Amino acid sequence: FPVLDVGLDGADLALDDDSVDHVVSTFTLCTIPDVAQARARERFSEACAGCLGSLRRPAALPALYELIDERRGRSESVRRAAIQALGRIGNPAAIRSLKEVLDRAPFFGAARVRELRVAAAQAIAQIGGVTAFQALRAHESRGDPSVRRACQEGLRRLAGAAADRT
């Protein structure tokens, strides 16, 4: 298989989506000329996700979906901010993307995604509805204990909201 050494700036990889199959990265932090600027961009992305959630507009959903997509290489903090924003928007259409995060239980690196999965369970519960109930129910009694607790709490919240409506 062909190998291409692109030698790019680690803070700004100008590669098209789906243009590579595998990436080997060495000395990544060393290739970022301005670490402070890269971190500022991350904080900016987190703030943007928060603002989009505060607007509570469905038009923000595609941008937030892109931020939570792990293939995009966003940091966990940016992904978590986008997940929380989807919960604040409260649009049931977001449950499918949030469920993808919740369902991601890798054999290796489970601790790394635990916080994201917990945030996804909380956001799903915040949105509510039958689809939310089904997504949370699938994880209430299996898998990671923190994720299970978040799903159980979400189910209690949904049950409480249903009781309040009657």
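Just so we're clear, the structure is a prediction, and the values are computed from it rather than from any experiment.
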Can you sort out the partners of Glu100 under salt bridge (charged side-chain N to carboxylate O under 4.0 Å, His left out), two or more places apart, ordered by chain and number?
Arg96
Can you tell me how far apart CG (Leu98) and CD1 (Ile68) are? Round to the nearest 0.5 Å.
5.0 Å
Shared hydrophobic cluster for Leu158 and Ile124 (ILVMFWY, side-chain gaps under 4.5 Å)
yes
Are the side chains of Gln84 and Gln126 in touch, meaning some heavy atoms are under 4.5 Å apart?
no
Tell me if the CD atom of Gln152 is crowded by more than 12 foreign heavy atoms within 6.0 Å.
yes
Is the shortest heavy-atom distance from the side chain of Asn91 to the side chain of Ile127 under 4.5 Å?
no
What I'd like to find out is whether the side chain of Glu76 reaches to under 4.5 Å of the side chain of Glu115, using heavy atoms alone.
no
Go through His139 and Asp144 one step at a time and tell me if the side chain to side chain donor-acceptor pair (under 3.5 Å) criterion holds.
CA-CA 9 Å; His139 295 279; Asp144 184 284; over 6 Å; no
Report the distance from atom CD1 of Ile95 to atom OG1 of Thr131, rounding to the nearest 0.5 Å.
5.5 Å
So CZ of Arg72 and OH of Tyr65: to nearest 0.5 Å the spacing works out to 14.5 Å
Enter the distance from Leu52:CG to Ile89:CD1 here, rounded to the nearest 0.5 Å.
6.5 Å
Could you pull out all residues at least two apart from Ala49 that satisfy side-chain contact (heavy atoms from CB on, under 4.5 Å)?
Leu64, Leu67, Ala81, Ala82
Can Glu46 and Arg43 be counted as an ion pair, charged N to O under 4.0 angstrom?
no
Starting from the C-alpha separation in whole Å, work towards a yes-or-no answer on side-chain contact (heavy atoms from CB on, under 4.5 Å) for Leu61 and Ser97.
CA-CA 10 Å; Leu61 295 177; Ser97 292; over 6 Å; no
Which distance, rounded to the nearest 0.5 Å, do you find between the OG of Ser77 and the CG of Leu116?
9.5 Å
Main-chain N/O of Arg104 paired to Arg117 side chain as donor or acceptor, under 3.5 Å:
yes
With rounding to the nearest 0.5 Å, note down the distance linking CG in Leu136 to CD in Glu153.
11.0 Å
